Amino acid sequence: MEQQQLSNATRMVDARDVHKFFNQTEVLRGVSLSVARGEVVVIIGPSGSGKTTFLRCLNHLEKIQRGTITIDGENIGYRQVNGKLVEDQEASIAKVRAQIGMVFQRFNLFPHMTALQNIIEAPIHVLGLSQAEAEASARALLAKVGLDHKADAYPNKLSGGQQQRVAIARALAMNPKLMLFDEATSALDPELVGEVLKVMKQLAEEGMTMVVVTHEMGFAREVADRVVVMDQGQIIEQAPPAQLFNDPQQERTRTFLGMVARAN
């Protein structure tokens, strides 16, 4: 599957021929994908197709065995030495990773910290913001996600949807160039999914570059600029949502979408 052709000036993510093994199992089999600045790319596909693994490779939470990944023109995880890729120093990896926000399926909030404290932790210790600067930013972000009244609440006093919105605010507090969402709504009760998707839609409307792994086909139809289908560690099809959902070209895509439709 050919990746979309983008100029270097417009490319935020550039993954080329990415291979990933877990022991002897090849989980990613030559994945290439470019994402433009301000583009929302939604990745769908059956469980076990490599979606989450690929997303984790984009910020080097998983090491790749072959290929290259650049974020805004910078290699992440590796550097060239005498024509060969070698793993980069942790400080260099952390510098690039700090520009990438990631929201996981599980919220991963610090249970002993309030919502506000969860959000200001990294900006103070990583970005070097003062307490006052970090708190002002955090309160604005809590208002943005509709939780300004929950600043002093601990995670165990928040619903799953509220915790996930705090997690999004925490990621945004680092002023990321790119946001990655890994099944951000799949751990939520159905009635709480909408409040998280609303925040994600707002970010898309504001021009945030986003790569989203999800099973929410309605979100993909409404918000994505491009939908990418993965199966067995490869990209098998990608197209604008109207084209992909209404006229999928690959039989495997048609089968997957049919299964999703029947499940709903």
Side-chain angles (χ1 to χ4, degrees), residues 1-4 12-35 41-71 74-109 164 167 171 176 178-188 210-216 220 227-238 250-253 255-257 259-260 263:
M1 170 59 63
E2 282 190 21
Q3 61 178 326
Q4 177 169 301
M12 176 61 73
V13 177
D14 188 21
R16 300 190 182 191
D17 194 32
V18 173
H19 292 254
K20 168 67 184 175
F21 289 83
F22 288 116
N23 297 320
Q24 301 303 311
T25 303
E26 190 174 18
V27 180
L28 298 178
R29 300 161 54 207
V31 175
S32 294
L33 181 71
S34 293
V35 180
V41 171
V42 172
I43 303 177
I44 64 174
S47 296
S49 58
K51 306 183 301 294
T52 289
T53 299
F54 177 64
L55 205 67
R56 290 173 63 85
C57 288
L58 291 182
N59 64 358
H60 200 61
L61 289 177
E62 296 289 354
K63 300 177 183 180
I64 62 176
Q65 276 73 51
R66 202 165 89 221
T68 59
I69 296 173
T70 60
I71 305 296
E74 295 184 79
N75 277 312
I76 183 162
Y78 301 90
R79 54 193 169 90
Q80 292 275 357
V81 176
N82 298 325
K84 293 184 178 181
L85 280 181
V86 298
E87 189 160 12
D88 210 344
Q89 297 174 338
E90 188 55 43
S92 298
I93 296 170
K95 182 180 176 184
V96 180
R97 190 184 281 148
Q99 303 170 46
I100 306 169
M102 186 159 185
V103 179
F104 299 88
Q105 180 175 340
R106 296 290 173 183
F107 324 122
N108 297 325
L109 298 179
Q164 192 63 293
L178 168 69
M179 284 288 288
L180 308 176
F181 292 87
D182 181 22
E183 298 284 9
T185 60
S186 65
L188 301 178
M210 297 165 57
V211 182
V212 181
V213 169
T214 187
H215 283 102
E216 297 290 339
V227 180
V228 172
V229 186
M230 289 188 67
D231 185 45
Q232 297 183 352
Q234 295 180 307
I235 292 175
I236 60 170
E237 186 166 359
Q238 56 182 301
Q250 300 296 320
E251 179 60 34
R252 186 68 184 92
T253 304
T255 301
F256 170 70
L257 293 176
M259 290 173 61
V260 171

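Computed from a prediction, not measured in an experiment: that's the story for all the values here.
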Side-chain heavy atoms of Glu62 within contact of Phe54, under 4.5 Å: no
Check: Asp14/Ser34 side-chain N/O donor and acceptor closer than 3.5 Å: yes
Distance (rounded to the nearest 0.5 Å) between Gln250 CD and Leu257 CG: 12.0 Å
Any donor-acceptor N or O pair under 3.5 Å, side chains Asp182, Thr52: yes
By side-chain hydrogen bond (donor to acceptor under 3.5 Å, both in side chains) - contacts of Arg66 (at least two apart): His19
Straight-line distance of Asp17 CG to Ser32 OG, nearest 0.5 Å: 5.5 Å
Intermediate values then yes/no, side-chain contact (heavy atoms from CB on, under 4.5 Å), Val211 and Val35: CA-CA 8 Å; Val211 182; Val35 180; 4.1 Å; yes
Heavy-atom side-chain contact between Leu33 and Val228 under 4.5 Å: yes
Criterion side-chain contact (heavy atoms from CB on, under 4.5 Å) on Ile69 and Asn75, from CA distance to verdict: CA-CA 6 Å; Ile69 296 173; Asn75 277 312; over 6 Å; no
Under 3.5 Å: donor-acceptor pair, side chain of Thr214, backbone of Glu216: yes
Heavy-atom neighbours of Gln65 CD exceed 12 at 6.0 Å: yes
Heavy-atom check, side chain of Arg56 versus side chain of Met102, under 4.5 Å: yes
Side chain to side chain contact (heavy atoms under 4.5 Å, CB included), paired with Pro46, selected from Asp231, Val260, Thr255: Asp231
Donor-acceptor pairs under 3.5 Å, side chain of residues 93-101 to any protein atom, not counting sequence neighbours: which ones?
{"unit_1": "Arg97", "atom_1": "NE", "unit_2": "Asn59", "atom_2": "O", "d": "2.8"}
{"unit_1": "Arg97", "atom_1": "NH2", "unit_2": "Asn59", "atom_2": "O", "d": "3.4"}
{"unit_1": "Arg97", "atom_1": "NH2", "unit_2": "His60", "atom_2": "O", "d": "3.0"}
{"unit_1": "Gln99", "atom_1": "OE1", "unit_2": "Lys177", "atom_2": "NZ", "d": "2.8"}
{"unit_1": "Gln99", "atom_1": "NE2", "unit_2": "Lys95", "atom_2": "O", "d": "3.3"}

Value rounded to 0.5 Å, distance of CG in Leu180 from SG in Cys57: 11.0 Å
Value rounded to 0.5 Å, distance of CZ in Arg252 from CD in Glu237: 12.0 Å
Side-chain heavy atoms of Phe104 within contact of Leu55, under 4.5 Å: no
Interatomic distance, Ile64 atom CD1 to Leu58 atom CG [nearest 0.5 angstrom]: 9.5 Å
Residue Glu90 excluded, over 12 heavy atoms near CD under 6.0 Å: yes
N-O pairing of Lys20 and Glu26 below 4.0 Å: no
Leu28 side chain reached by Met230 side chain, heavy atoms, under 4.5 Å: yes
Test item: Ser186 side-chain N/O and Glu183 main-chain N/O as donor-acceptor pair under 3.5 Å: yes
Side-chain heavy atoms of Phe181 within contact of Val103, under 4.5 Å: yes
Partners passing salt bridge (charged side-chain N to carboxylate O under 4.0 Å, His left out) against Arg106 (at least two apart in sequence or in another chain): none
Interatomic distance, Gln105 atom CD to Leu188 atom CG [nearest 0.5 angstrom]: 9.0 Å
Intermediate values then yes/no, side-chain contact (heavy atoms from CB on, under 4.5 Å), Thr253 and Ile236: CA-CA 8 Å; Thr253 304; Ile236 60 170; 3.7 Å; yes
Check: Arg29 side chain, Gln232 main-chain N or O, donor-acceptor pair, under 3.5 Å: yes
